[in-house]
> 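Below is one structure. I have some questions about it.
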Protein chains: 2
Amino acid sequence: MDVKTVCLGMLTDGDASGYDLKKHFESSFGHFFAAGYGSIYPALASLAADGLVSCECIPQDGKPDRKVYSITPAGRDVLLAELDKPNPSHKIRSEFLATICFAHLMSADQVATVLRNRIAEIEAYEKLFDEFEQTCMHETPHGMHFTVGIGRAVMLAMKKYIQENGHELQHRSATVVNF
Amino acid sequence: MDVKTVCLGMLTDGDASGYDLKKHFESSFGHFFAAGYGSIYPALASLAADGLVSCECIPQDGKPDRKVYSITPAGRDVLLAELDKPNPSHKIRSEFLATICFAHLMSADQVATVLRNRIAEIEAYEKLFDEFEQTCMHETPHGMHFTVGIGRAVMLAMKKYIQENGHELQHRSATVVNF
DNA sequence: TGCCCATATATCGGGGTGATGTATAGTATC
DNA sequence: GATACTATACATCACCCCGATATATGGGCA
């Protein structure tokens, strides 16, 4: 399950351009599977070369051509085969936790700043989830709700843990900061 | 904060070879910052070329030379500068959630299998955390405890959410599976 | 007028992943 | 005693992905 496969999956919901898919990756997939143009455009080109998607170029004045992609029956087969894999990965790459590992090499202020910023980021995600549920909750499939729910639960747990245990990390200086 | 920086950080805890660092990445860092030989060896070579670590080759009979690395004062400076960054990232790359997004294209059995396997993986991590706390809890710095605690909290939250909401995902077939 | 934002494509360097290769020696299993 | 697996220990390579940057234009806004 790479960017190519996720693009295929998104295209089962209707034809779209690379630009459209990027917005999808940002909004609904952003919190667990981010992708930028540097991944999406090569992915679509490769899928088209393999006949898993078809491409229709729509000329526009001024702007570059819109390239609208549709999934083909072969593409659908590849997608379903990928969805059949029983053990899809779930990986975390956290510079945040890596930093915290070396908290004993940092000042209490530095640690406090890192923790505060992490909480702020979590709260930004929480707002994003709220907006998502208020706007496009009805039209999206069941699976999407589930991912939002997991996202919420996981971020809430992390926030709570930081708030309850963050102070123990600040031992180098006497300054204790509230979150 | 890339693999190079994390290697520097690990070397503040004592000299080590690439092989040693790999074991470190697997055990204590595995759940939030995995790295393989393909990242570690080039990272150490690059650090040595920049004078941030020094390398001592220890010949062994039969096996290849052991290359033991030590952090240099310049390396320590680079590490401390990296730890000063106020907003370290925390990214998730989840083929699991990407798969679940397309649950409406899967059979109830397929969905159940994916959820069951995810829970099994979480429980494997929970055991790993238990072992870690029983063996090397006393010698590791405070930050390490914190990362284990967050790992526990986050995984518990995900497990609970799956157990409480997983059944809603199975609507295509009548077969309801318990977790 | 200047500036940012949205639309829309694409590329490129640097970095990371997973698999594989090369050796040797000890330890299980059968 | 043969086979297979595991551990030690290095290294490389193809492929994939990320972030930044480039190119082009029209609309809103101060």
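Labels below follow one simple rule: chain letters A, B, ... track the order of the sequence lines, proteins then strands, and each chain is numbered from 1.
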> Just how far, in rounded Å, is P of D:dC15 from CG of A:D2?
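Checked: the CG to P distance equals 14 Å.
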> If I take atom CG in residue B:D50 and atom P in nucleotide C:dG15, what distance separates them, rounded to the nearest angstrom?
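Distance check: B:D50 CG to C:dG15 P gives 10 Å.
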> Please classify the nucleic acid contact of B:A34 as base, sugar-phosphate, or nothing, using heavy-atom distances under 4.0 Å.
sugar-phosphate
> Do any side-chain nitrogens or oxygens of B:R93 fall under 4.0 Å of OP1 or OP2 in C:dT17?
no
> Without decimals, in angstroms, what is the distance between B:E95 CD and C:dG18 P?
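Distance check: B:E95 CD to C:dG18 P gives 9 Å.
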> Starting at atom CD1 of A:I40, determine the distance to atom P of C:dA8, rounded to an integer number of angstrom.
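About 14 Å, once rounded to whole Å.
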> In the single-linkage hydrophobic clustering (I, L, V, M, F, W, Y; side-chain heavy atoms under 4.5 Å), do B:Y19 and B:I71 co-cluster?
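Looking at the clustering, B:I71 is in a separate group from B:Y19.
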> Relative to the 5' end of DNA chain D, which residue comes earlier, A:K4 or B:Y69, by the nucleotide with the nearest heavy atom?
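Here B:Y69 is the residue nearer the 5' end.
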> How many Å lie between CG on B:L44 and P on D:dA9, as a whole number?
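B:L44 atom CG is separated from D:dA9 atom P by 15 Å.
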> Return no unless some side-chain N or O of B:Y41 is found under 4.0 Å from OP1 or OP2 of D:dC10.
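Yes, because at least one side-chain N or O of B:Y41 sits under 4.0 Å from OP1 or OP2 of D:dC10.
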> Is the shortest side-chain N/O distance from B:K67 to OP1 or OP2 of D:dA11 below 4.0 Å?
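The answer is yes; a side-chain N or O of B:K67 sits under 4.0 Å from OP1 or OP2.
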> Given the rule that I, L, V, M, F, W and Y join up when any side-chain heavy atoms are under 4.5 Å apart, are B:F129 and B:L156 in one cluster?
no
> Atom CG of A:L21 to atom C1' of C:dT7: distance rounded to whole Å?
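From A:L21 CG to C:dT7 C1': 15 Å.
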> Is there a side-chain polar atom (N or O) of A:Y19 under 4.0 Å from OP1 or OP2 of C:dT7?
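A:Y19 to C:dT7 OP1/OP2: side-chain N or O found under 4.0 Å.
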> Assert yes or no for the condition that the ring centre distance of B:Y41 to B:Y37 is strictly below 6.0 Å.
yes
> Mind checking if A:K91 touches a base, just sugar-phosphate, or nothing, with heavy atoms under 4.0 Å?
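Sugar-phosphate: the residue A:K91, judged by heavy atoms under 4.0 Å, touches backbone atoms but no base.
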> B:M1 has an atom CE; how far is it from atom C1' of C:dG15, in whole Å?
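B:M1 atom CE is separated from C:dG15 atom C1' by 16 Å.
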> Quick check on D:dC16: is either OP1 or OP2 less than 4.0 Å from any side-chain nitrogen or oxygen of A:S39?
no
> Cation-pi check, A:R93 to B:F32: give yes when NZ or CZ is under 6.0 Å from the six-membered ring centre and within 45° of the ring axis, no otherwise.
no
> In terms of side-chain heavy atoms of A:Y37, which of C:dT17, C:dA10, D:dA7 is nearest?
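Among C:dT17, C:dA10, D:dA7, the one nearest the side chain of A:Y37 is C:dA10.
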> Looking at C:dG15, C:dT17, D:dA9, which one has an atom nearest to any side-chain atom of B:A35?
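When the side chain of B:A35 is considered, C:dT17 is the closest of C:dG15, C:dT17, D:dA9.
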> Considering residues, nucleotides and ligands other than B:E56, do more than 12 of their heavy atoms fall under 6.0 Å from its CD?
no
> Using atom NZ of B:K22 as one end and atom P of D:dT12 as the other, report the distance to the nearest whole Å.
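Taking NZ of B:K22 and P of D:dT12, I get 17 Å after rounding.
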> Is any side-chain nitrogen or oxygen of B:K23 closer than 4.0 Å to OP1 or OP2 of D:dA7?
no
